[in-house]
Novice: 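The structure that follows is given in the form of structure tokens.
Just the heavy atoms: all of them, side chains too, but no hydrogens, waters or symmetry mates, feed the values below. In this text the structure is predicted, and so the values were computed from the model without any measurement. Naming: A, B, ... by sequence-line order, numbering from 1 per chain.
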Number of protein chains: 2
Amino acid sequence: MQIFRIVVDEREKNSSVHLYLRNMGVRVLFRRLSVADYVLSGDCAVERKNVKDFVKSIIDGRLFDQAYRLSQAYSRSSIIVEGDVKLAYSSLKAGSKSFWGALAYVWMVFGVPSFFTLNERETAELIHALIKHEQGEVKKRIYIRSKPKLESLADRQLFVVQSFPGVGPKLALRLLKTLGSIKNIVNASPAELSMIEGLGRQRAIQLVNFFNSMYREVSRDSGQVKLDDIGVR
Amino acid sequence: MQIFRIVVDEREKNSSVHLYLRNMGVRVLFRRLSVADYVLSGDCAVERKNVKDFVKSIIDGRLFDQAYRLSQAYSRSSIIVEGDVKLAYSSLKAGSKSFWGALAYVWMVFGVPSFFTLNERETAELIHALIKHEQGEVKKRIYIRSKPKLESLADRQLFVVQSFPGVGPKLALRLLKTLGSIKNIVNASPAELSMIEGLGRQRAIQLVNFFNSMYREVSRDSGQVKLDDIGVR
DNA sequence: ATAGCCGGGTGGTGA
DNA sequence: TCACCACCCGGCTAT
């Protein structure tokens with residue numbers, strides 16, 4: 001399992017969220033942050049509030065200010081509201097109207113969604129899930145819809161060819177029929193490829209480039225590089 | 001007071017959300033929609049699900065498909081989950097991990113947040129609040145989200161390599177890292193392949209055979225109808 | 001989505 | 001070299 005890192009505002013020390021995170025194997029760094037509470041990366045951060053705070057910040061308008069600053073500083077930020085939501089819109093004067101209004105406002109205007117958790121453990125779980133997508137390695141697994149005979153050679157070949165960019169079921173079939181094997185396809189010249197019906201010169205070249213292009217590891221930072229500058233805003 | 005309009009999928013007629021909306025002074029138009037349930041504008045739409053549906057769609061992966069389509073069709077879309085949330089992650093007993101995981105996934109990957117309401121009235125109130133910001137006079141929108149590039153070259157390459165038989169995320173990564181390009185992998189000798197950690201002689205040979213083997217059309221007695229049905233999720 | 005199980009290949013160890 | 005075995009990985013199933 002990969003090591004995840006997070007920067008947490010010092011004032012969050014008294015909650016136990018960071019303890020849960022530690023338990024989940026997340027490296028926690030404390031810093032004095034000016035905008036968010038939890039920084040997951042250079043452009044992803046989370047503000048945590050309990051329900052009482054949330055309500056108060058709706059009333060005095062602080063919420064919208066914070067959402068604005070979040071949206072300015074990080075391209076993907078969100079607010080986590082912790083506690084019993086019921087409490088929220090029962091304590092709002094205008095009732096639930098202003099509650100949904102606030103949610104809608106923050107989302108529609110600033111692009112900041114709000115998540116609701118019941119306690120610190122859930123908050124930690126959510127943050128952990130968010131981190132995994134922000135820092136996690138790509139684990140896109142491929143899935144087959146229906147498998148009449150998944151294990152037949154032909155099916156496997158089709159499956160592979162279909163995974164090429166811009167190649168669907170029909171094109172895959174024609175490719176295999178005309179060129180025979182996967183190796184033949186991969187080694188084919190643009191000219192050979194564009195012989196195939198439905199595959200023009202343009203895409204043929206794209207494909208060839210695709211096969212030839214070198215893999216470059218995603219510079220999803222290697223950890224220690226930007227830890228210092230994370231969250232300084 | 002300005003008049004707001006909304007387009008609602010026909011299949012939503014049996015819920016009473018649209019009635020509430022009418023009561024709030026919203027013009028409701030029914031249409032057959034292919035992606036969302038409620039369309040607030042050309043680039044804002046909402047998918048409504050009850051908790052049971054929500055859970056089911058997590059399990060069978062439908063949720064992620066829908067979120068993807070939402071994000072493609074509308075620049076600012078969201079999912080409204082109606083009902084008792086508790087019910088949700090109690091039926092996903094994986095410690096609610098998969099619940100938060102799904103929420104995080106849909107938000108981080110597709111930019112689609114999920115809102116939770118208790119009943120149809122609340123759903124209507126939320127939608128109403130959303131409309132006000134979408135169609136309201138002041139459309140000051142700060143939110144500019146850079147769409148997460150799901151199709152980086154590296155991702156595509158990984159995707160293809162993972163589709164090879166017996167190759168999962170880990171092996172795919174190592175293969176690309178050591179051999180560089182897809183063409184290199186396909187043309188590699190068994191010896192070269194088995195240099196890779198976790199890929200021994202046996203599988204190396206299998207792979208090479210796989211790349212070389214000629215495609216043989218499967219003769220399905222019921223006619224070759226099903227060839228198109230092999231799909232990638 | 002996540003957790004967990006299973007079957008099998010891999011690669012190291014020691015004979 | 002080979003047999004053994006612990007571990008890892010990929011594939012599949014279930015809550």
Side-chain angles (χ1 to χ4, degrees), chain A residues 1-2 4 23-26 115 117 121-122 124-152 155-156 159-160 163, chain B residues 49 51-68 79 81 85-110 112-114 150 158-178 190-210 232-233:
Chain A
M1 177 73 125
Q2 188 180 347
F4 298 119
N23 266 355
M24 297 168 181
V26 179
F115 297 103
T117 63
R121 190 182 54 75
E122 288 191 4
E125 280 180 353
L126 175 52
I127 291 179
H128 186 227
L130 291 170
I131 283 194
K132 284 206 289 206
H133 286 108
E134 185 64 17
Q135 301 180 11
E137 56 187 65
V138 212
K139 57 166 183 182
K140 280 183 282 229
R141 202 73 192 85
I142 303 154
Y143 238 94
I144 304 243
R145 233 322 148 198
S146 59
K147 42 167 190 178
K149 266 207 277 181
L150 171 61
E151 299 309 338
S152 101
D155 283 346
R156 283 190 176 276
F159 181 60
V160 168
S163 77
Chain B
K49 314 178 90 67
V51 173
K52 211 167 109 288
D53 268 2
F54 184 71
V55 171
K56 274 189 57 178
S57 66
I58 289 180
I59 293 171
D60 62 24
R62 213 174 64 247
L63 175 69
F64 313 103
D65 195 53
Q66 288 175 331
Y68 170 73
I79 297 172
V81 183
V85 201
K86 295 289 196 50
L87 206 104
Y89 48 83
S90 61
S91 47
L92 284 167
K93 212 48 166 200
S96 72
K97 286 280 179 58
S98 50
F99 175 80
W100 300 115
L103 247 54
Y105 184 81
V106 167
W107 160 237
M108 295 294 281
V109 175
F110 302 115
V112 177
S114 309
L150 189 55
L158 277 171
F159 184 72
V160 169
V161 178
Q162 282 180 33
S163 76
F164 296 160
V167 177
K170 301 276 198 329
L171 264 184
L173 194 61
R174 283 191 286 240
L175 274 165
L176 277 169
K177 269 190 191 170
T178 24
E192 291 174 280
L193 285 176
S194 38
M195 303 286 298
I196 279 108
E197 156 122 7
L199 216 177
R201 231 179 89 79
Q202 177 136 339
R203 298 175 103 178
I205 293 174
Q206 281 178 355
L207 262 187
V208 172
N209 285 337
F210 176 74
V232 184
R233 292 214 93 254

Novice: Could you state the NZ-P distance from B:K97 to C:dG4, rounded to the nearest angstrom?
Specialist: 9 Å
Novice: B:I59 has a side chain; which of C:dT2, D:dT15, D:dG10 sits nearest to it?
Specialist: D:dT15
Novice: Tell me what B:L63 touches on the nucleic acid: a base, only sugar-phosphate, or nothing, going by heavy atoms under 4.0 Å.
Specialist: nothing
Novice: To the nearest Å, give me how far apart CD (B:Q202) and C1' (C:dG11) are.
Specialist: 13 Å
Novice: Which nucleotide, C:dT2, C:dT10, D:dG10, lies nearest any side-chain atom of B:L199?
Specialist: C:dT10
Novice: Using the ring centroid of each side chain, check whether B:Y105 and B:F110 are separated by less than 6.0 Å.
Specialist: yes
Novice: Within this structure, what is the CG-to-C1' distance between B:D60 and D:dT15, rounded to whole angstrom?
Specialist: 14 Å
Novice: Would you kindly give the CD1-to-P distance between B:I58 and C:dA3, to the nearest whole Å?
Specialist: 14 Å
Novice: Whole angstroms only, please: what is the NZ-C1' distance between B:K56 and D:dA14?
Specialist: 15 Å
Novice: Between D:dC9, C:dG9, C:dA1, spot the one nearest the side chain of B:R203, thanks.
Specialist: C:dG9
Novice: Taking the side chain of A:K132 as heavy atoms from C-beta outward, which of D:dG10, C:dA1, C:dT2 is closest to it?
Specialist: C:dT2
Novice: Starting at atom CD of B:E197, determine the distance to atom P of D:dC9, rounded to an integer number of angstrom.
Specialist: 8 Å
Novice: With a non-hydrogen cut-off below 4.0 angstrom, is B:I196 in contact with a base, only sugar-phosphate, or nothing?
Specialist: sugar-phosphate
Novice: Is it true that a side-chain atom of B:S96 and a backbone atom of B:F99 form a donor plus acceptor pair closer than 3.5 Å?
Specialist: no
Novice: Contact class for B:L171 vs. all strands (heavy atom < 4.0 Å): base, sugar-phosphate, or nothing?
Specialist: sugar-phosphate
Novice: From CD of A:E125 over to C1' of C:dA3, roughly how many Å is that when rounded to an integer?
Specialist: 13 Å
